[in-house]
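Numbering of residues begins at 1 and proceeds along the displayed sequence.
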Amino acid sequence: MADERVPRSVLPGVRHEGGGVLKLYLDCDTGVDDAVALAYLLAFPGVDLLGIGTCNGNTSAVQAARNTLGLLTLADKSDIPVAIGEGAFGRGAATVHGDNGVGGVVLPPGGEADPRSAVELLKDLARASDGELHILITGPCTNVAQALSEMPEMSGMVAGVTIMGGAVRIRGNVTPRSEANIHDDPAAAAAVLAAGWPVTLVPLDVTMQHRLTTGDQAALRAGGTLLHESVADMLSTYFDFYEPELGVREIPVHDAVAAGVAVGELTPSDAPQLPLRVDLEGALSEDVSAPSSVRVVLALAEPAGPVILRRILGIA
């Protein structure tokens with residue numbers, strides 16, 4: 001009998017749909033782990049990355065767009081539209097991601113940002129994708145919540161949403177109860193979780209369990225492309241931040257784990273449907289009266305690090 005904690009609906013990706021192409025919109029705050037996630041998605045042959053929106057989080061939405069455009073140039077994927085989100089820059093995370101969001105690594109200037117806002121880009125993609133668009137959020141939910149507010153019917157036009165965010169049953173990374181992406185815009189997170197579309201949440205509970213090592217960094221640096229080398233260089237800042245916390249020179253790559261779940265290459269082994277409430281500080285709590293009930297990935301069937309590395313290097 002199939003595990004009822006991991007129904008087919010939590011596995012929307014290409015592999016579990018029997019092949020084909022996954023139409024994807026990525027909403028990100030391009031820091032170090034967003035960069036790893038982007039490199040992973042660009043290397044996945046079954047993903048059609050239709051557009052990218054940036055938001056304030058690890059760095060400003062404007063800097064996140066610069067980072068994203070530079071990475072796309074390195075990958076020879078400058079045809080993917082990148083739109084800048086709205087709102088004032090708040091927290092930032094220079095101690096984690098470096099002053100420019102990507103560990104101080106200097107990226108090529110890249111092309112111009114799309115003239116549309118991230119909200120307008122997302123709404124346009126939802127209208128044009130015949131119900132097949134998947135949304136992957138690896139930063140705060142600001143842009144997606146704003147798009148929902150302006151176009152409430154969008155929740156019925158999107159196939160599913162995967163969010164990297166939250167700390168459900170473990171300690172948070174901003175406060176004891178909150179994780180950065182949800183903490184930065186709790187109202188937006190609450191709106192996205194409560195909308196009528198299928199939501200899969202990939203919280204710290206699972207992402208902290210899956211890491212890359214310095215050996216993985218060396219393999220990535222030797223991968224043979226400028227994209228590989230640049231992403232590898234970014235990881236040093238991440239290692240420096242996490243080593244004192246973890247007691248070992250390893251790094252969780254939160255956003256890449258969420259990307260792997262979204263495309264179906266990483267299989268959850270524990271993913272219950274949970275009623276979640278978001279409080280004003282961005283903490284998540286299980287509450288049977290909550291307006292949102294989402295699929296929460298708490299464990300994976302296999303280590304994510306080797307899967308992510310092999311995919312980026314093209315040896316998956």
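Each of L280 and V192 belongs to its own hydrophobic cluster when Ile, Leu, Val, Met, Phe, Trp and Tyr are linked at side-chain heavy-atom distances under 4.5 angstrom. Residues L42 and L226 share a hydrophobic cluster, clusters being chains of Ile/Leu/Val/Met/Phe/Trp/Tyr side chains in contact below 4.5 Å. In this structure, L72 is not a member of the same hydrophobic cluster as V62, with clusters built from ILVMFWY side-chain heavy atoms closer than 4.5 Å. V119 is not connected to I52 by any chain of hydrophobic side-chain contacts under 4.5 Å among Ile, Leu, Val, Met, Phe, Trp and Tyr, and they are in different clusters.
Judged as a side chain to side chain contact (heavy atoms under 4.5 Å, CB included), and not counting sequence neighbours, the contacts of L69 are V82, A113. In this structure, A128 has no side chain to side chain contact (heavy atoms under 4.5 Å, CB included) partners at least two apart in sequence or on a different chain. Under the rule for a side chain to side chain donor-acceptor pair (under 3.5 Å), the partners of D114 that lie at least two apart in sequence or sit in another chain are R116.
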Q | Criterion ring-ring contact (aromatic ring centres under 6.0 Å, His included) on H97 and Y238, from CA distance to verdict | A | CA-CA 6 Å; H97 296 271; Y238 228 40; 5.3 Å; yes

Q: Verify side chain to side chain contact (heavy atoms under 4.5 Å, CB included) between D255 and V36, making sure each step is shown before the conclusion.
A: CA-CA 8 Å; D255 297 341; V36 177; over 6 Å; no

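In terms of modelled atom types and a separation under 3.5 Å, the side chain of D27 and the main chain of L136 share no donor-acceptor contact. With hydrogens and angles disregarded, no donor-acceptor distance shorter than 3.5 Å links the side chain of S149 to the backbone of A145. A distance-only check finds no donor-acceptor pair linking the side chain of R127 to the backbone of L122 [under 3.5 Å]. Side-chain atoms of T213 come within 3.5 Å of backbone N or O of D216 as a donor-acceptor pair. S269 contributes a side-chain N or O that, together with a main-chain N or O of L300, makes up a donor-acceptor pair within less than 3.5 Å. In terms of modelled atom types and a separation under 3.5 Å, the side chain of Q209 and the main chain of A299 share no donor-acceptor contact. Using a distance-only test at 3.5 Å, with no hydrogens or angles considered, a donor-acceptor pair links the side chain of D205 to the main chain of V168. H254 places no side-chain N or O within 3.5 Å of a backbone atom of V206 that could act as its donor or acceptor partner.
Note: D184 CG to N56 CG = 9.0 Å, rounded to the nearest 0.5 Å. Between the CG atom in N143 and the NZ atom in K123 there is a gap of 11.5 Å [rounded to 0.5 Å].
The two residues G139 and D29 make their nearest non-hydrogen contact at CA-OD1, 3.5 Å. When all heavy atoms of T30 and D34 are compared, the closest pair comes out as CA-CB, 3.6 Å. Nearest heavy-atom pair across A126 and M154 is CB-CG, 3.7 Å. Of all non-hydrogen atoms in S129 and L50, the two that sit nearest each other are OG-CD1, 3.8 Å. The two atoms that bring V158 and V161 nearest to each other are CG1-CG2, 4.3 Å, heavy atoms only. Here the closest heavy-atom approach between residue Q217 and residue A232 is recorded as NE2-O, 2.8 Å.
The local environment of CD in E112 is sparse, with at most 12 non-hydrogen atoms from other residues, nucleotides or ligands closer than 6.0 Å. Residue-environment remark: CD (E243) exceeds the threshold of 12 foreign heavy atoms within 6.0 Å.
A salt bridge is absent between R221 and E229: the closest approach of a Lys/Arg side-chain nitrogen to an acidic carboxylate oxygen does not fall below 4.0 angstrom. A salt bridge between R169 and E286 is present, with a side-chain N of the basic residue lying under 4.0 Å from a carboxylate O of the acidic one. A salt bridge links R177 and D279; the closest N-O separation between the charged side-chain nitrogens and carboxylate oxygens is under 4.0 Å.
A cation-pi arrangement, defined by a distance under 6.0 Å to the six-membered ring centre and an angle within 45 degrees of its axis, is absent between R249 and Y242.
In the model, D287 has a side-chain atom that pairs as donor or acceptor with a side-chain atom of S289 under 3.5 Å.
With V199 as the fixed residue, the side-chain contact (heavy atoms from CB on, under 4.5 Å) test singles out one of V294, T162, V296: V294.
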